Structures are given as structure tokens and as C-alpha cells.
Number of protein chains: 2
Amino acid sequence: MDNRTGHRIVPETAAPRGDRLAERHAAARYGNRPTMKDVAARAGVGLKTVSRVVNGEPGVTADTERRVQEAIEALGFRRNDSARVLRKGRTASIGLVLEDLADPFYGPLSRAVEEVARAHGALLINGSSAEDPDREQELVLALCARRVDGLVVIPAGDDHRYLEPELRAGVATVFVDRPAGQIDADVVLSDNFGGARDGVAHLIAHGHRRIGFIGDMPRIHTAAERLRGYRTAMADAGIPVTDSWTSLGVTDPQRVRRAAEEMLSGAEPVTAIFAGNNRVTVTVVRVLAERSRPVALVGFDDFELADLLQPGVTVVAQDAAQLGRTAAERLFSQLDGTLLTPERTELPTRLITRGSGELPPAD
Amino acid sequence: MDNRTGHRIVPETAAPRGDRLAERHAAARYGNRPTMKDVAARAGVGLKTVSRVVNGEPGVTADTERRVQEAIEALGFRRNDSARVLRKGRTASIGLVLEDLADPFYGPLSRAVEEVARAHGALLINGSSAEDPDREQELVLALCARRVDGLVVIPAGDDHRYLEPELRAGVATVFVDRPAGQIDADVVLSDNFGGARDGVAHLIAHGHRRIGFIGDMPRIHTAAERLRGYRTAMADAGIPVTDSWTSLGVTDPQRVRRAAEEMLSGAEPVTAIFAGNNRVTVTVVRVLAERSRPVALVGFDDFELADLLQPGVTVVAQDAAQLGRTAAERLFSQLDGTLLTPERTELPTRLITRGSGELPPAD
DNA sequence: CTCGGAGCTGACAACGTTGTCCAGGCTCTA
DNA sequence: TAGAGCCTGGACAACGTTGTCAGCTCCGAG
């Protein structure tokens, strides 16, 4: 008996019973937020009138409005958006799932998405997948459970069929940086292939023939595309590629370092390195800084201070902010109903020469 | 008559009526998500049984559970968390308001907060204030309207009395990096004063007496504290400070550049500069790189590649991730009820010597 | 003086979920 | 075999808001 009604009478009686305590606490802390009903009572008006004032709807006398405002002020009322969402269907929030906020590449991207969201009156809910497909799915579904109006996803996995019910239900979705797997969805990418190809061609144009490539796992779309760009540039120049010149799936600094050192020594040492992403580039810069023989370097992704190093680091730059902005704008186009069929948008990259990519081969 | 049921039958009839159209649109897109009722109907069970299965509550036969799971699968049902929140009171989400996600200092901080939130099963909703107090307030209140369980705020403004109703209602709140204004709240800071004092003392120990300071507006707490550290170190060493050696409120690269150039020329040029934050430091590095006469430099905040520059940049480092982690943990302590009185936590800074701060004065 | 209309206001249902409580069927024991 | 007790399932209210609709008052025109 006591057990059955325990939950209800808890706020009054002070009988902490095991894990009910936390709950009791919550009730005590959250239960007492004023609602529109409270405001209405205090202002001596109807519930709906409060709603009208809060939402700036017309049809309220100046005097009534003032009374309501005063009650709101006095009680510290804030509209409960959960209830509002439940009623209206729209949440005015969008979800962003990215790989790692601590990566400097994603800061500006995230910021750009937020700016666009803000311009459309939406809040941003975000999370990091840490490059783990399961975690990505967990996050995305959690966001869907919140009924976000739309999703911007930098995918970690390569199978997104779990999103089918959401797409059918009309959740706007845009993938960024990497394409969606197994489903037809909007996607905004950089021209990874073209950028890498041009970067490698740049090295070839400066006389290099033995060029190394250090990149991420080819299961990551961007990494695969950049590798393809490297191979294409080499093939276009008629240069056969030796296996020992390419190192894939290498991410942590230790292994990048070893990979770089290996291709710089041996029988046929490379005279130039193409680095597949900013983290690799930075590590390679460190390795090269320790060596006396100059080695040319072009990196994919720009990074701060690249120009201040000696020599400045030549990079294939992609515009992270523009990626984010484009994706977010497509998202809101979907929500407006403007955009109906999924499209693939590819943004150009830009080669920025700063010195390291223009070093001649030191044979 | 038609009017009454109009909202309901909208998906079928195609009778757009003025601004109903948008609503109709929304209804068409969002209205048709399956609910527990739908699942129950399909599985041939009661509504509450579905709820039980979805929430893993006991008291459901294996067979019934299977039938429900199949229905969920078939319909692509996802629980609507808005309704859940409305019912339960807790949202399992926390808000993070920071200054600018594109600033590399905030990436790791944000990431750390997210990790802690995740460990507690909470989602993170975030937004940038862009250093604008009004925008900060707007964001914070929007988050409160979503009924976030707690708030981590990097304040832009210096008056947070608008949060009083929320605090009273039990919204857990922690301020990071800068203290709250006009209210008594938890706050996690770096030892800005001590760090700056030690950094300047380091320069003095290496023989400098004419030391410049370039920092942000003193209305920003961190900037004021760092300035105080600079002044204290100078005073402790018995060095009178000339006005022209300190430049405040300077943020954009152009003006930092001019400020640096001014203190480096003139009758009493400085032989060393203390830079008040990472953005200033980077700009000063650029200015110094153009000069032949070596000038010592210590910067507040570490940044990537500081060690690779020539010379390496000596910095007073604060641990952004640790700030975020500490703040988030305090937040959840508040939510657990473990933590009851607001406290001020100050994290130590660390001087990292890399060369630029050990240059002797070139008189 | 009455009637119609316009402008305000409030009662009520509904949004999708969860907590409470009750009913019915089962097992187990005396 | 009857009764007690347990297990499973469902009906119902409530969370706080908004859309709908009806009622009220007040004004001016007829």
C-alpha cells in the first residue's frame, strides 16, 4: 500500500527510500516552475490570454497585456517549449553530428551551421561521433527522438538505412564532408579528388617523381578520394607508384612519424610527401623539421600558422565554413519545401602555395 | 463543420486555405510519424504495454514484447521525447553557451563538456554568444525554455540577474572561464592573475625591464585579471610601467599589429611583449617575424604549432579541456544534489618555455 | 431603442507520453 | 477445488501548451 502511493506523497513526507531520493529531489526542484495557468491566476485572466500575450498574438487590450506581463515578471515565468513542441509539431531546432569538435576543422564548420540556424530562428543540438558508426547512429536517433526539424551529419559509418523512417517522416537531412551510405540524401562535399590530384600535380610540376602519400583509412570517403587523386596525378604523369610510397589508415602521430621516416629512407626515398589531412600534415612537418635534407610537402586542409612555419606549408585548402553554410542552407531549403530531390554539391578546393610545395627535389 | 475537423482531415483533402498552407505542409510532413498508439494497434496490445517495452520496464511476456518490437520495427517508430519530457520533467539535456566555436580554445572545452554529458546520458545543446551580452541572454533563455536540466555558460555579459528565476527553479548552472555577474553561482576559472604574473616575472627574470602588454577589453574578466598580473609582476620587481607599454581592448589583427609596432618603436621601445590571449599572440608572432631585432614574447594560452615556430613560443597554458570537464562535473553534482553551495574553482596554469620567452633583451 | 458587427476573452480538446490503479487469468497451496 | 497471491495488460488522467470556437461587451447605425 505504502509502496503504491509512495511516489505521490513523496514531496510532502520526508521519508527517503533508496533511489527514490533523487526523484524526490527532482520533483522538489523542477516541479515548482510557474505555468501559464499560474500566470493566468495571478493576472486574473484566462489561460489562453496568457498564451496570446506570450506569443505576441493580436486581440489583447493594452491593459490586460500589462497585467499579464507583470504576472510573468513577478513569477519568473518561461514558456515550456516541450509542451509547445508537442502541440505544434515543430521544434525549431536542428541536430549536428560531427566527428570531433576538438578538431580545428570542425569548429568553423559548426559555427557556420549555427549561424544559419540562428538566422532561421533555430537552435543547434550537437554531438560528436568520435568516428564511431554506432555512436553516430545512437546520436542521430537521440536527436530524432527530440524531433529536431533537421539533421546535418558528418557521417562516421557507411550505412545509413536506419534513417529511412525519419526521411519518410520528413526529417530534413544533409550529409557533409562525406556522402551517406545506402540511402539517397543531400550531400555537400569538397572536391577531395580534384584537390589531391592538383596538389600532387603541383609537386610533379616542380620536378618530383618519387612522391609519398600518407592518409587515413580508405573506408573514409575523403581519404579514399584523396588517394584516388594522388594515384590519378601520378598516372597522368606516367609515374609508376611503388607500394612503399603510400601509407594508409595511419592516424596517430606515432605511426605517421614512422611511416614518414620509412618512406624518407630506404633504397628509393621519396623527395616529396603529400599529406592526406591536417593532422598528418602537422606531424610530417615535425618530422621534416628534424631533417637536414629538404623534402617538399603539400598537405590537404589548411591550418592556422601554416604561413609562419619555415618554410611556409603549401596546402590544398577547403573552406570548412562554406561547407557548413552550404549544408545548413540546403537543410532549410528542404524545410521550406523549396528543395525536393536530393543533390550532391561539390565545393572546389584551392591550392595555397607557401614554399614547402615548391622545393625542388633533393636527389 | 468542415472547419472543425479541418485540421485533422488535412492530409487527405487538398484544400489550401491561406496561411493554413504552411501548417498543412508541416502536418503532412510531421503529422504522420507513428505513435505508441499506432504501434499498440498493430501489435494488438495496449498503449501502456508499448511504453513498457520501449522503456525496458518489467512485466511484459517475451512473446508480447516480440510482437511489439516487430510493430516498432515495421512502422519505424521512435519515441517522441518532447512528450516524454513534458511528462517526466527532466530533459536529459544540458545547454552550453560559449563565445565562439571557431576559436580553437573552445573546441576542446566544448568537447570535454560533451563527454561528461554523454557519460551522464545527457545531450548537449549549444550556441555562441559572439561576445554579445544580449545574445547570451537570448540564448540562455531559449535553452531554459527547452527546459535543459543545466547550463554551462561562458559569460559575455556582466549581469546575470535574469537567471534568478531559473536558479530558484533549480536549473543547475555553472559559469566557466569568467565569473557570473550580480548573482551567486558556481564558477570554474583559470588562474589568470597568477599565470600572467608568472609569465611576466619570467621575462623579468631574463633581464627585461621594458615589457609591453597587449590584451583585450578590461571589462572581460580574464583580460582584467591578466592585466592585473602584469602590473603586479612589474610592481613586485620595482619597475614603473609607462602607459605606452600597455594596449587594451585590442582584438582585431590590424589593431594588434599597430599596437605592437608602436611599442616596439619610439623613445623607449619594449624589449619583450606579453600577449593577453592566443589571437593576440599569433598576430604578435607575425609582427616579430618581420623584424630583425629579436624581441622576447610570452603569450597567454597555448596553441598548436607554437613549438614549431622559430623560435618556439613560450606560453602560459591553461587546460581548456580540464576547464570544461570540471565545469560539467560540477553541473552534474548539482543535479545529483551532491553540491549545494556555489563555489569558485580556480585551475592552475602552466608556463611552457620554448625559446621566445627566454630571449635576452636586445637593447 | 434595437440590432449587427467587431473586438476581446475564456472553455475545451488535443498533442504523445508515463504513472497509477484496477481487472482478469494464472499458479500454488490447503 | 476454493481462495490467495502473483503476473500481465489496459483504461485513464496528467504534463503545459496552442487551435478552435463560442460567448461576452461595447460601439455605431438604422
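A note on names: the letters A, B, ... follow the listed sequences, proteins ahead of strands, and every chain is numbered from 1. No experiment lies behind these values; they were computed from the predicted model shown. No hydrogens, no waters, no symmetry mates; every other heavy atom, side chains included, goes into these values.
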Exercise for the section: Spell out yes or no: do the side chain of A:Lys48 and the base of D:dG19 have one donor N/O and one acceptor N/O closer than 3.5 Å? Expected result: yes
Problem - Residue-phosphate contact under 4.0 Å: A:Lys88 side-chain N/O, D:dG19 OP1/OP2 - result: yes
Problem - Residue-phosphate contact under 4.0 Å: A:Thr61 side-chain N/O, C:dT9 OP1/OP2 - result: yes
Exercise for the section: For A:Gly59, report the nucleic acid contact type (base, sugar-phosphate, nothing); a contact means any heavy atom under 4.0 Å. Expected result: base
Handout entry: A:Ala83, nearest nucleotide to its side chain (from D:dT18, D:dG16, C:dT18)
Key = D:dG16
Practice task
Check every strand shown and say whether A:Val45 touches a base, only sugar-phosphate, or nothing at a heavy-atom separation below 4.0 Å.
Solution key: sugar-phosphate
Exercise for the section: Please lay out, stage by stage, how A:Glu329 and A:Arg325 fare under the test salt bridge (charged side-chain N to carboxylate O under 4.0 Å, His left out). Expected result: CA-CA 6 Å; A:Glu329 271 159 8; A:Arg325 207 174 304 125; 5.9 Å; no
Handout entry: Within-4.5 Å side-chain heavy-atom neighbours: B:Ile125 and A:Ser93
Key = no
Exercise for the section: Could you check whether A:Arg79 gets within reach of a base, just the sugar-phosphate, or nothing at all, counting any heavy atom under 4.0 Å? Expected result: sugar-phosphate
Practice task
May I ask you to verify if any side-chain N or O of A:Arg84 is less than 4.0 angstrom from the OP1 or OP2 atom of D:dT18?
Solution key: yes
Handout entry: C:dT9 phosphate, OP1 or OP2, under 4.0 Å from A:Thr49 side-chain N/O
Key = no
Exercise for the section: For B:Ser82, report the nucleic acid contact type (base, sugar-phosphate, nothing); a contact means any heavy atom under 4.0 Å. Expected result: nothing
Exercise for the section: With heavy atoms under 4.0 Å as the rule, sort B:Thr35 into base, sugar-phosphate or nothing. Expected result: sugar-phosphate
Fill in the blank from the handout: Walking DNA chain D from its 5' end, the first of A:Arg78 and B:Gly46 to be reached, judged by nearest nucleotide, is B:Gly46
Fill in the blank from the handout: When rounded to whole Å, the CG to C1' distance for the pair B:Leu47 and C:dT20 reads 14 Å
Problem - Nearest-neighbour nucleotide for the A:Ser51 side chain, C:dT17, C:dG16, D:dT18 considered - result: D:dT18
Handout entry: Closest to the A:Arg52 side chain, choosing from D:dT17, D:dG9, C:dG10
Key = C:dG10
Handout entry: Distance-only donor-acceptor test, A:Arg87 side-chain atoms vs D:dT18 base atoms, 3.5 Å
Key = yes
Exercise for the section: Just call it for B:Val60: base, sugar-phosphate, or nothing, with non-hydrogen atoms closer than 4.0 Å on any strand. Expected result: sugar-phosphate
Exercise for the section: Output, in order, the C-alpha distance, side-chain angles, deciding distance and verdict of side chain to side chain donor-acceptor pair (under 3.5 Å) for A:Asp100 and A:Ser128. Expected result: CA-CA 5 Å; A:Asp100 180 4; A:Ser128 304; 5.0 Å; no
Exercise for the section: For the pair B:Asp38 and B:Arg42, find out whether any cationic side-chain nitrogen is under 4.0 Å from an anionic carboxylate oxygen. Expected result: no
Exercise for the section: Nearest whole angstrom, please: distance from the P of C:dG19 to the CE of B:Met36. Expected result: 10 Å
Practice task
Verify the neighbour count for atom CD of B:Glu164: are there more than 12 heavy atoms of other residues, nucleotides or ligands below 6.0 Å?
Solution key: yes
Exercise for the section: Using a 4.0 Å heavy-atom cut-off across all strands, classify B:Glu57 as base, sugar-phosphate, or nothing. Expected result: sugar-phosphate
Handout entry: Below 4.0 Å: OP1/OP2 of C:dT18 and any side-chain N or O of B:Asn55
Key = yes
Practice task
Calculate the interatomic distance between B:Asn80 atom CG and C:dC15 atom C1'; express it in whole Å.
Solution key: 9 Å
Completion exercise
Residues B:Arg90 and B:Val85: closest non-hydrogen pair is O-CG2, 3.6 Å
